[in-house]
Structure formats: C-alpha cells, structure tokens
Amino acid sequence: MTGVPASAAGGSAGARRAAAGAAAATPAAPATRSAEGGASGASAGVGDGGTARAVPGAGEAVPGDDSGLDAQGEGKTPRGGKIAAAAVNQASVWNIANLLTMLRLVLVPAFVALMLADGGYDPAWRALAWAAFAVAMITDLFDGHLARTYNLVTDFGKIADPIADKAIMGAALICLSALGDLPWWVTGVILGRELGVTLLRFLVIRYGVIPASRGGKLKTLTQGVAVGMYVLALTGWLATLRWWVMAAAVVLTVVTGLDYVKQAIVLRRQGIAERKAALEEKEA
C-alpha cells in the first residue's frame with residue numbers, strides 16, 4: 001500500500017522534473033526565433049514557467065524587430081544626411097550657383113572692354129556691353145536663390161557673390177562717369193553706400209546678421225535698370241526717362257543705406273546687452 005503512493009509520488013515528481021527540464025531547454029529555441037523576429041518566441045516565453053525572465057526577453061526581442069529597426073533607421077538616416085550635406089557643402093565648389101558667380105566675375109573685364117571699345121561711344125559696342133551687363137545682373141538674381149534652395153551654400157559663394165555684385169556695378173558706374181555720361185557724384189554716392197554697408201556688415205557680424213530688406217532689393221533692381229539704360233546709347237524721351245530712374249535709384253540708395261546703419265546700431269546694442277546679461281548670469 002505504501003509503495004504505490006511512493007511510486008506515484010515519485011512519478012509525479014519525475015514528471016515535474018522532466019517538465020522543468022523541458023521548460024529549461026525550450027527557451028533557447030524560441031529565444032533564437034524571437035531574435036529573428038518570430039512571434040513564437042514571445043508565446044513560448046509566456047507558456048514557460050519562468051515568466052520573469054522569458055517574457056522580458058521576448059518583450060525586448062520583439063521591439064527590436066519593428067521599433068528597434070525604426071529607431072536605428074531614424075538614428076542613422078539623419079547622420080548620413082548630415083554627412084552627405086557636409087560633403088556637398090565642402091566639395092561642391094563647382095556647383096551651379098558658384099558657376100554663375102564665376103561667370104559674373106568673368107563678365108566684368110569683358111564688359112569694360114566692350115564699354116570702352118572704339119572710344120566708348122559706338123552704339124553697337126555699347127549694345128554688346130549692355131548685353132554683358134544684363135547677363136551679369138540676371139545671374140545675380142538666380143545664384144543666391146539656387147544656393148539657398150538646393151543647399152549649395154559654400155564659403156566661396158559667400159565671399160565671391162558680393163564681390164561680383166560690387167565689381168560689375170562699380171565697373172559700369174566708373175566707365176559711365178569716365179565717359180562723361182554720368183556725374184561722378186552719383187558714382188560716389190552709390191559706390192560709397194555699397195562699400196559702407198558691406199563694411200558695416202562685417203563690423204556687426206559678431207552680434208548677428210543684418211537681413212536684406214525689401215527696400216534693398218528694390219534699390220538693387222532700380223540701380224540695375226538705371227545703369228543699364230545709361231549703358232545704352234539712348235536719345236530723346238528715353239534719355240530723359242533714364243535720368244529719372246537714376247534719380248530714384250540714388251534716393252533708394254541713400255534711404256536704404258541709412259536704414260542699414262540704424263539696424264546695425266540696434267543689433268550692436270542688443271548684442272552687447274545680451275553678452276553683459278550672460279556674463280552677469282555666469283558670475284551669479
């Protein structure tokens with residue numbers, strides 16, 4: 001009588017040990033499958049008696065298949081994008097925006113040669129000079145836009161673009177004044193304003209950047225039209241019209257120049273105040 005219960009008890013204990021052994025052996029395969037992205041690993045972990053270890057293991061493996069890969073993708077893509085963008089900014093000196101700027105620089109001596117050819121008063125040569133000036137002004141409208149839109153901004157472009165702008169305009173004004181078509185004081189006002197604003201930008205760049213205003217863009221457009229009309233050998237009412245356009249350009253040149261001075265003063269004061277506040281906060 002006592003042997004049977006002992007045998008039965010031993011049998012049940014053996015069954016429990018066998019089940020425990022099977023349970024201990026089976027998580028290896030489901031864990032492997034769950035690491036490969038299978039859902040069976042999670043179900044096997046739940047069915048296992050050791051749920052405290054098996055369920056978290058499955059729970060860690062399953063997100064690794066979906067959200068874990070997404071997190072890696074989200075982590076790697078921006079880094080790759082930043083590296084690619086940095087490579088473009090560093091290596092693409094010969095991009096379309098910079099090529100347009102280089103073309104404008106090359107057009108400066110070509111414009112001067114055409115403007116002064118045959119004494120500087122031949123209508124045909126003046127027309128060719130106007131064409132070179134027009135191409136230079138049109139490229140000025142596109143190179144900056146292309147650089148900002150397609151992330152083609154380079155250190156070369158930042159330096160060469162304003163130089164090309166001032167060079168073509170300065171060459172045209174000086175040639176016109178040298179030929180007697182434009183008073184020297186007009187050339188002095190326009191070039192003085194352009195050089196002064198450029199210097200002002202460099203002086204306050206430590207405090208911030210003075211953005212280009214609508215008035216400044218209108219000034220550039222008016223200057224281009226006025227100078228272009230003076231480059232052409234116009235007569236009659238067109239000659240009178242170009243005088244008024246140039247007068248408007250001079251007024252806009254002075255007004256926008258004073259506005260830039262005002263912005264520079266405000267920007268400098270704000271920058272000094274912010275630096276002072278930062279130093280006081282650091283000392284406190």
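Side chain of Thr139 to backbone of Ala136: a donor-acceptor contact under 3.5 angstrom is found. Tyr121 places a side-chain N or O within donor-acceptor distance of the main-chain N or O of Leu179, the cut-off being under 3.5 Å.
When side chains are defined from C-beta on, Trp243 does not count as touching Met229, because their heavy atoms never get closer than 4.5 Å. Using a 4.5 Å cut-off on side-chain heavy atoms (C-beta onward), Asp259 and Gln263 make contact. For the pair Arg104 and Asp165, the minimum side-chain heavy-atom distance is below 4.5 Å. Side-chain contact between Leu116 and Phe111 is absent, with no heavy atoms from C-beta onward closer than 4.5 Å. Arg214 is not listed as a side-chain neighbour of Leu218, based on a closest heavy-atom distance of 4.5 Å or more. With a 4.5 Å cut-off on side-chain heavy atoms, Asn98 and Leu152 do not count as touching. Proximity of Met102 to Trp94: side-chain heavy atoms (C-beta onward) are separated by under 4.5 Å at one or more points.
Each of Arg275, Gln270, Glu274 was compared with Tyr207 under the side chain to side chain contact (heavy atoms under 4.5 Å, CB included) criterion, and only Arg275 meets it. For the side chain to side chain donor-acceptor pair (under 3.5 Å) with Thr253, the lone residue among Arg193, Gln223, Lys219 that qualifies is Gln223.
Taken from CG in Leu238 to CG in Leu232, the straight-line distance is 9.5 Å, to the nearest 0.5 Å. Met246 contributes atom CE, which lies 11.5 Å from atom CG of Leu241 (distance to the nearest 0.5 angstrom). Of the inter-residue distances, the one linking Lys166 atom NZ with Leu191 atom CG reads 10.0 Å to the nearest 0.5 angstrom. Summarising the geometry, atom CD1 belonging to Ile205 is positioned 11.5 Å from atom CG belonging to Leu200; distances are rounded to the nearest 0.5 Å. Interatomic distance, Arg268 CZ to Ile210 CD1, rounded to the nearest 0.5 Å: 12.5 Å. To the nearest 0.5 Å, atom CG of residue Leu100 and atom CG of residue Leu105 are 11.5 Å apart.
Hydrophobic cluster membership differs between Phe156 and Phe202, with clusters built from Ile, Leu, Val, Met, Phe, Trp and Tyr side chains linked at under 4.5 angstrom. Ile159 and Ile168 fall into different hydrophobic clusters, where Ile, Leu, Val, Met, Phe, Trp and Tyr residues are linked whenever their side-chain heavy atoms come under 4.5 Å apart, directly or through other members. Taken together through direct or relayed side-chain contacts under 4.5 Å among Ile, Leu, Val, Met, Phe, Trp and Tyr, Ile138 and Leu146 form part of one hydrophobic cluster. Both Val254 and Val245 belong to a single network of hydrophobic side chains, linked directly or stepwise wherever heavy atoms of I, L, V, M, F, W or Y lie under 4.5 Å apart. If you chain together hydrophobic residues whose side chains sit under 4.5 Å apart, Leu203 and Ile265 never meet in one group.
Considering all non-hydrogen atoms of both residues, Gly228 and Phe133 come closest at N-CE2, 3.8 Å. Shown here for Gly157 and Pro162, the closest heavy-atom pair between the two residues is O-CD, 4.1 Å. Taking each heavy atom of Thr187 and Ser177 in turn, the nearest pair found is OG1-OG, 2.5 Å. When all heavy atoms are compared, the tightest approach of Thr222 to Leu252 is OG1-CD1, 3.5 Å. Leu128 approaches Leu114 most closely through the heavy-atom pair O-CD1, 3.7 Å. Residue Ala171 comes nearest to Val108 through the heavy atom pair CB-CG1, 4.1 Å, listed as atom of the first residue, atom of the second, then distance.
Counting only N and O atoms by type, the side chains of Arg201 and Tyr260 include a donor and acceptor under 3.5 Å apart. Residues Thr154 and Asn95 have side chains that never bring a donor and an acceptor to within less than 3.5 angstrom of each other.
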- Using the side chain to side chain contact (heavy atoms under 4.5 Å, CB included) rule, take Asp161 and Asp140 through it: C-alpha gap first, then chi angles, then the decisive distance, then the call. CA-CA 8 Å; Asp161 183 68; Asp140 182 32; 4.1 Å; yes
- Message: Evaluate Leu176 against Trp184 for side chain to side chain contact (heavy atoms under 4.5 Å, CB included), listing each step before the verdict.
- Response: CA-CA 9 Å; Leu176 289 172; Trp184 277 105; over 6 Å; no
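Classification of Asp181 and Arg126 as a salt-bridged pair holds, one side-chain N sitting under 4.0 Å from a carboxylate O.
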